[in-house]
Asks: 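Starting off with a structure, shown below.
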Protein chains: 2
Amino acid sequence: METRELRYFVAVAEELHFGRAADRLGIAQPPLSRTIAQLEHRLGVALLTRTSRKVSLTNAGAALLDEGRAILGAVAAAERRARGAADDEPGLVLAAKAGGSGELLAKLLDAYAAEPGAVPVEVLLVESRVHAPLLDGRADVALMHQPYDPTTGLDVEVLRTEGQVAVMPSSHPLAGAAQLRLADVSSLPELARWPEPDGGYPDGSGVEVRNLTQLFQMVSLGRAVAVLPEIARTALLEGMTAVPVVDAERVSTVIAWPPHSRSRAVADLVRVATGFAEVS
Amino acid sequence: METRELRYFVAVAEELHFGRAADRLGIAQPPLSRTIAQLEHRLGVALLTRTSRKVSLTNAGAALLDEGRAILGAVAAAERRARGAADDEPGLVLAAKAGGSGELLAKLLDAYAAEPGAVPVEVLLVESRVHAPLLDGRADVALMHQPYDPTTGLDVEVLRTEGQVAVMPSSHPLAGAAQLRLADVSSLPELARWPEPDGGYPDGSGVEVRNLTQLFQMVSLGRAVAVLPEIARTALLEGMTAVPVVDAERVSTVIAWPPHSRSRAVADLVRVATGFAEVS
DNA sequence: GGCAGCGATACCCGGCCGGTATGGATACCG
DNA sequence: CGGTATCCATACCGGCCGGGTATCGCTGCC
């Protein structure tokens, strides 16, 4: 199976339309049809069922779509990393969620910079989907949060685990409580909504926010409530209160890297991170 | 980058010899040289340094070799799984180390079989390198042991963690001890040697064994000593003694599966495994 | 200095990838 | 109910590229 075939198949499987897929690939439709047919023939299984009006995936097709996407990502990552490794380990790229664990990040960078043999670390701040830059090779390491960020296909080490707090305006009826349960909060109409992995928002009446700055502004305006890791306490603004949510799932801050990364620098960074996470 | 190019590059990088690599690939040497040169040109980096007497890897080449092997494995796995998914989820293949955690395995199979919607489970017993069948698609799930088996690039759940014991002939001078430290055992000349991941054996004077049956036989013959997870106690033969090694690293039995495996059956099996591991 | 080994280069051929034109099936519409 | 638009498959053709053989150039080594 060649990556060309895989690219073509993924395009068709995503569009479920040969014409549009061919368009997206920048080729004509007939060669695309032919290539898919050849692929199916060589695999010995049908990947798509097509009537002349509708294309849909078979089981085998669905499986191949999943794996194919991962493979194409890995190929892109391999190319990028091979190019990057050419100029003698020029530095690391660390991805982190903007506004995430700022203090931990700062400590990590400082501690690593003090290591003998440390290389320059570039920080790549992303709004969401922190794992994406790891999978396509734009970053070498990432700080992520379980269970929020998918860590599938990555190697991880847990750095810190913490409970969660409900962050709300100090004027909120629940702000006086010593502690809350998830049920108290989850049904609130002003519960802020975060983007799903696909970029859309879940249903609900709360405001839609994309990052912590927006959220905090909304909370301080009295228009939102959210459940966040305890560390968010350190960033509270005027007029905001945090109340522990005792039965909320515990959140782990993890450091993650792609498997098969034998880079000395990544190994050092992970060691430093896990090392000082224990004493702090 | 096409998988053909990657296959060719990996062959050359492993052989460090264009002629032998071409032979292994079943093609002539000139097209191979040309393909590698094209790949380097497109990537914009040198992957190999060749004098007319010696071929060696550059940094970029070493990086690409690692990732390339993983990608080729993933491609093979994708093909196999696509073929497998064709006949409507015919069953699961579970890989486990032969003689490993037999009792846990039996309980797992029983518990899963009792689940509603359970599919037939085929057990693939392997001598070593349990992760290999997962990576190339021959198995869907595996029981592995951390830190012995590499779990890089896999998703895992820990099932059980246990200490280790030194297994030795009852006649051994240390057999009377209530407990031992690693230092007491690691320097023994009769310490059995296991294959490394590459199939070779480490240096030492102890016997070379390939599986538990061989090892136990050697121990009962008075010719070997080994450090094993506690569970090995249940399988001791006549004339063998197990003594706890208090400072040995704790060993975790984990259930592992390839990332991006959305199969219902795998999810069920993992749930069952983690569920009863807690109560047992 | 001759020779053996190895990778690079030169050149040719055939297959395959991509293009255009067209066919056949199906849903939709007047 | 026939016409039409849409969409995938088929037929056919041309150019590129992947693979082959022959050979060159370089480098250790006896």
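Per chain, numbering begins at 1; letters A, B, ... match sequence-line order.
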Asks: Mind calculating the distance between CD1 (B:Ile36) and P (C:dA8) to the nearest angstrom?
Replies: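 Taking atom P of C:dA8 as the reference, CD1 of B:Ile36 is at 9 Å.
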Asks: In whole Å, I'd like the distance from the CZ atom of B:Phe18 to the C1' atom of C:dT9.
Replies: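 After rounding, the gap between these two atoms is 14 Å.
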Asks: With a 4.0 Å limit, can you tell me whether B:Ser33 has a side-chain N or O closer than that to the phosphate oxygens OP1/OP2 of C:dG7?
Replies: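 Result: no.
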Asks: Taking only residues two or more places apart in sequence, or in another chain, which ones meet B:Asp268 in a side chain to side chain contact (heavy atoms under 4.5 Å, CB included)?
Replies: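 Checked B:Asp268 against side chain to side chain contact (heavy atoms under 4.5 Å, CB included); matches are B:Tyr112, B:Arg264, B:Arg271.
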Asks: Nearest whole angstrom, please: distance from the C1' of D:dA9 to the CG of A:Leu48.
Replies: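 Result: 14 Å.
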Asks: Hey, are B:Glu79 and A:Arg42 close enough for a salt bridge, meaning a charged N less than 4.0 Å from a carboxylate O?
Replies: no
Asks: Rounded to the nearest Å, what distance is computed from the CD atom of residue B:Glu5 to the P atom of nucleotide D:dG18?
Replies: 8 Å
Asks: Could you state the CG-C1' distance from B:Asp23 to C:dG7, rounded to the nearest angstrom?
Replies: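 Interatomic distance, CG of B:Asp23 to C1' of C:dG7: 15 Å.
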Asks: Could you state the CD-C1' distance from B:Glu15 to C:dC6, rounded to the nearest angstrom?
Replies: 14 Å
Asks: For A:Gln38 and C:dC17, is the shortest distance between a side-chain N/O and OP1 or OP2 below 4.0 Å?
Replies: yes
Asks: Side chains of A:Asp140 and A:Trp257: does their closest heavy-atom pair fall under 4.5 Å?
Replies: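 No - every pair of side-chain heavy atoms lies 4.5 Å or more apart.
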Asks: One character per nucleotide, please: for nucleotides 19-30 of chain D, 5' to 3', B when the base has a protein heavy atom closer than 4.0 Å, S when only the sugar-phosphate does, - otherwise.
Replies: BBBB---BBS--
Asks: Salt-bridged, B:Glu40 to B:Arg50, with N to O below 4.0 Å?
Replies: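 Looking at B:Glu40 and B:Arg50, the cut-off is met.
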Asks: Would you call B:Glu67 and A:Arg80 a salt bridge, taking side-chain N to carboxylate O under 4.0 Å as the test?
Replies: no
Asks: Between B:Glu2 (CD) and D:dG18 (C1'), how many Å, whole number?
Replies: 13 Å
Asks: Tell me, please, which residues at least two apart from A:Arg193 pass salt bridge (Lys or Arg N to Asp or Glu O under 4.0 Å).
Replies: A:Glu208
Asks: Rounding to a whole Å, what distance do you find between B:Leu39:CG and D:dC17:P?
Replies: 15 Å
